[in-house]
Amino acid sequence: MADIQNSEIIAGVVIVHPDVFGDERGIFVETYRREWLPDSNEMIQGNRADRQEQSIVGLHYHRFQADYWYVPFGTARVVLHDL
């Protein structure tokens with residue numbers, strides 16, 4: 001079962017550390033499961049972006065949609081602003 005934690009810093013942010021299953025053939029990771037976030041907005045779109053270290057990408061805004069970030073390796077600094 002994935003490790004699911006509510007952020008102690010920002011209300012409404014949930015951090016999920018999914019289980020990674022692997023053997024000599026490769027790995028399998030469940031990146032999203034509705035039951036992990038039962039009270040959240042509907043997931044409409046899923047994206048993955050591989051960036052170079054220290055990259056900055058532009059701001060964007062979704063009024064009725066939640067963002068779900070999947071960071072397969074390294075770390076990501078995600079800046080959130082409550083409008």
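It should be emphasised that the depicted structure is a prediction, and the values quoted were computed from it without experimental measurement.
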Enquirer: Which value, rounded to the nearest 0.5 Å, describes the distance between E53 atom CD and T75 atom OG1?
Expert: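 One gets 8.0 Å once the value is rounded to the nearest 0.5 Å.
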Enquirer: Quick check against the 3.5 Å criterion: does D19 have a side-chain atom that pairs as donor or acceptor with the backbone of M1?
Expert: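 Side chain of D19 to backbone of M1: a pair is present.
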Enquirer: Check for me, please, whether V29 and F21 land in the same ILVMFWY cluster - side-chain distances under 4.5 Å, paths through other members count.
Expert: no
Enquirer: Flag the pair Y32 / L37 as yes when at least one side-chain heavy-atom distance between them is below 4.5 Å, and no otherwise.
Expert: yes
Enquirer: What's the separation between atom CG in D3 and atom CH2 in W36, rounded to the nearest 0.5 Å?
Expert: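 Interatomic distance, D3 CG to W36 CH2, rounded to 0.5 Å: 10.5 Å.
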Enquirer: Apply ring-ring contact (aromatic ring centres under 6.0 Å, His included) to Y70 and list each qualifying residue two or more places apart in sequence or on a separate chain.
Expert: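 If we apply the ring-ring contact (aromatic ring centres under 6.0 Å, His included) test to Y70, skipping adjacent residues, there are no hits.
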Enquirer: With clusters defined by side-chain heavy atoms of hydrophobic residues (ILVMFWY) lying less than 4.5 Å apart, directly or transitively, does Y68 cluster with V14?
Expert: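 Same hydrophobic cluster.
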Enquirer: Is the number of heavy atoms from other residues, nucleotides or ligands within 6.0 Å of CD (E8) greater than 12?
Expert: no
Enquirer: Any heavy-atom pair between the side chains of R33 and P18 that's under 4.5 Å?
Expert: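 No, every pair of side-chain atoms sits at 4.5 Å or beyond.
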Enquirer: Atom NE2 of H17 and atom CD of Q5: how far apart are they, to the nearest 0.5 Å?
Expert: 5.0 Å
Enquirer: Any chain of hydrophobic side-chain contacts (each under 4.5 Å) joining I10 to W69?
Expert: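 Looking at the clustering, W69 is in the same group as I10.
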